[in-house]
Amino acid sequence: MMYLMPMTQNENDTASLIFEILRLQGKLTTAGEQLVGPLGLTPARWQILGSIANVPMTMADIARFLGNARQSVRRIVSELEAEGLVELRENPRHKRAPLIALTPQGTKIYALANQQRLPWNARLAAELDDGEAAQALRTLQKLSALLK
């Protein structure tokens, strides 16, 4: 028999928030599949392309940035490299940790994915009151920092 310890209202709200984030993750994954699936991307592949859209990163840096295991990132990067969407570049700071960078084709696919995302994002934003997204972002960033 399991006994639950009583929780404060804040603890209960935090637990509810965490469960809602997990539910939202599933919905965002489904939406991402619908948005970028026709481009041959999965949400995970899209995240990696987005991570390196502005600056090349090592696999370890990508994994840390996304909060994923290096092995998962390595597998996806290998797939993206085989498809010509990313390339491995020499890293002047670390010979054994190449930089992952978008190829011209990867840049094109990432731009097409963003063209799909922008109207979807605008529809969601239109349903939120001013400041709601900013407050939610601050809360999520704080939770993320606490879990490091």
Side-chain angles (χ1 to χ4, degrees), residues 1-88 97-148:
M1 192 177 220
M2 185 156 96
Y3 295 98
L4 296 177
M5 294 181 59
M7 290 193 289
T8 66
Q9 185 62 48
N10 191 46
E11 290 168 340
N12 189 52
D13 290 345
T14 301
S16 295
L17 174 63
I18 290 167
F19 283 116
E20 192 61 32
I21 290 167
L22 295 172
R23 287 174 21 132
L24 179 60
Q25 177 186 7
K27 291 177 181 181
L28 288 172
T29 298
T30 299
E33 288 166 351
Q34 293 169 350
L35 285 170
V36 299
L39 300 173
L41 294 177
T42 64
R45 295 166 125 224
W46 187 20
Q47 284 183 318
I48 288 178
L49 294 180
S51 298
I52 59 172
N54 295 317
V55 62
M57 298 170 78
T58 66
M59 285 191 221
D61 290 339
I62 295 168
R64 272 191 296 277
F65 179 71
L66 296 176
N68 291 342
R70 280 188 208 182
Q71 200 58 26
S72 299
V73 171
R74 183 182 332 270
R75 180 184 54 78
I76 295 169
V77 165
S78 293
E79 293 170 2
L80 293 169
E81 183 184 22
E83 293 176 23
L85 301 179
V86 301
E87 63 186 6
L88 277 58
L99 294 171
I100 316 303
L102 291 178
T103 63
Q105 180 64 16
T107 300
K108 178 181 173 185
I109 293 292
Y110 182 69
L112 289 171
N114 274 334
Q115 286 177 2
Q116 297 297 316
R117 179 188 60 83
L118 292 175
W120 174 82
N121 188 81
R123 284 191 303 276
L124 292 175
E127 298 298 322
L128 297 175
D129 294 333
D130 287 345
E132 272 188 302
Q135 180 57 49
L137 177 61
R138 286 190 297 274
T139 301
L140 292 173
Q141 288 171 330
K142 188 172 185 176
L143 281 173
S144 184
L146 291 170
L147 293 172
K148 287 187 178 178

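Remember, it's a predicted structure, so these values are computed and weren't measured experimentally.
When the side-chain hydrogen bond (donor to acceptor under 3.5 Å, both in side chains) test is applied to Gln9, the partners found at least two apart in sequence or on another chain are Asp13. Arg64 is linked by a salt bridge (charged side-chain N to carboxylate O under 4.0 Å, His left out) to Asp61, counting only residues two or more places apart in sequence or in another chain. By the side-chain contact (heavy atoms from CB on, under 4.5 Å) test, Leu140 pairs with Ile21, sequence neighbours left out. For Ala133, the side-chain contact (heavy atoms from CB on, under 4.5 Å) partners are Leu128, not counting sequence neighbours. Scanning for side-chain contact (heavy atoms from CB on, under 4.5 Å) contacts around Thr8 gives Asn10, Glu11, with sequence neighbours left out. For Glu20, the side-chain hydrogen bond (donor to acceptor under 3.5 Å, both in side chains) partners are Arg23, not counting sequence neighbours. Residues passing the side-chain hydrogen bond (donor to acceptor under 3.5 Å, both in side chains) test with Thr30: none are found, sequence neighbours excluded.
Taken from CD in Gln47 to CD1 in Ile76, the straight-line distance is 8.0 Å, to the nearest 0.5 Å. Distance OG1/Thr14 to CG/Leu146: 9.5 Å, rounded to 0.5 Å. Rounding to the nearest 0.5 angstrom, the gap separating the CD1 atom in Ile62 from the CZ atom in Arg70 is 11.5 Å. To the nearest 0.5 Å, the span separating CD on Gln71 from CE on Met59 amounts to 9.5 Å. Ile48 contributes atom CD1, which lies 9.0 Å from atom CD1 of Ile100 (distance to the nearest 0.5 angstrom). Between Phe19 atom CZ and Leu22 atom CG the span is 7.0 Å, to the nearest 0.5 Å.
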Scan the side chains in residues 106-116 for donor-acceptor partners under 3.5 Å anywhere in the protein, sequence neighbours excluded, and list what turns up.
| unit_1 | atom_1 | unit_2 | atom_2 | d |
| --- | --- | --- | --- | --- |
| Thr107 | OG1 | Thr103 | O | 3.1 |
| Asn114 | OD1 | Arg117 | NE | 3.0 |
| Asn114 | OD1 | Arg117 | NH2 | 3.4 |

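Listed by first and then second residue, the salt bridge (charged side-chain N to carboxylate O under 4.0 Å, His left out) pairs involving residues 124-134 amount to none (not counting sequence neighbours). Within the structure, every pair that satisfies the salt bridge (charged side-chain N to carboxylate O under 4.0 Å, His left out) test and touches residues 34-60, not counting sequence neighbours, is listed here: Arg45-Glu79, Arg45-Glu83. Residue pairs satisfying the salt bridge (charged side-chain N to carboxylate O under 4.0 Å, His left out) criterion with at least one member in residues 24-42, sequence neighbours excluded, are absent.
Side chain to side chain, Arg138 and Gln135 meet the donor-acceptor criterion of an N or O pair below 3.5 Å.
The two residues Pro43 and Gly32 come nearest to each other via the heavy atoms CG-C, 3.9 Å. The two residues Pro98 and Leu88 come nearest to each other via the heavy atoms CG-CD2, 3.8 Å. Here the closest heavy-atom approach between residue Ala101 and residue Ile52 is recorded as C-CD1, 3.8 Å.
For the pair Leu99 and Thr58, the minimum side-chain heavy-atom distance is below 4.5 Å. The closest side-chain heavy-atom distance from Thr139 to Leu17 is below 4.5 Å.
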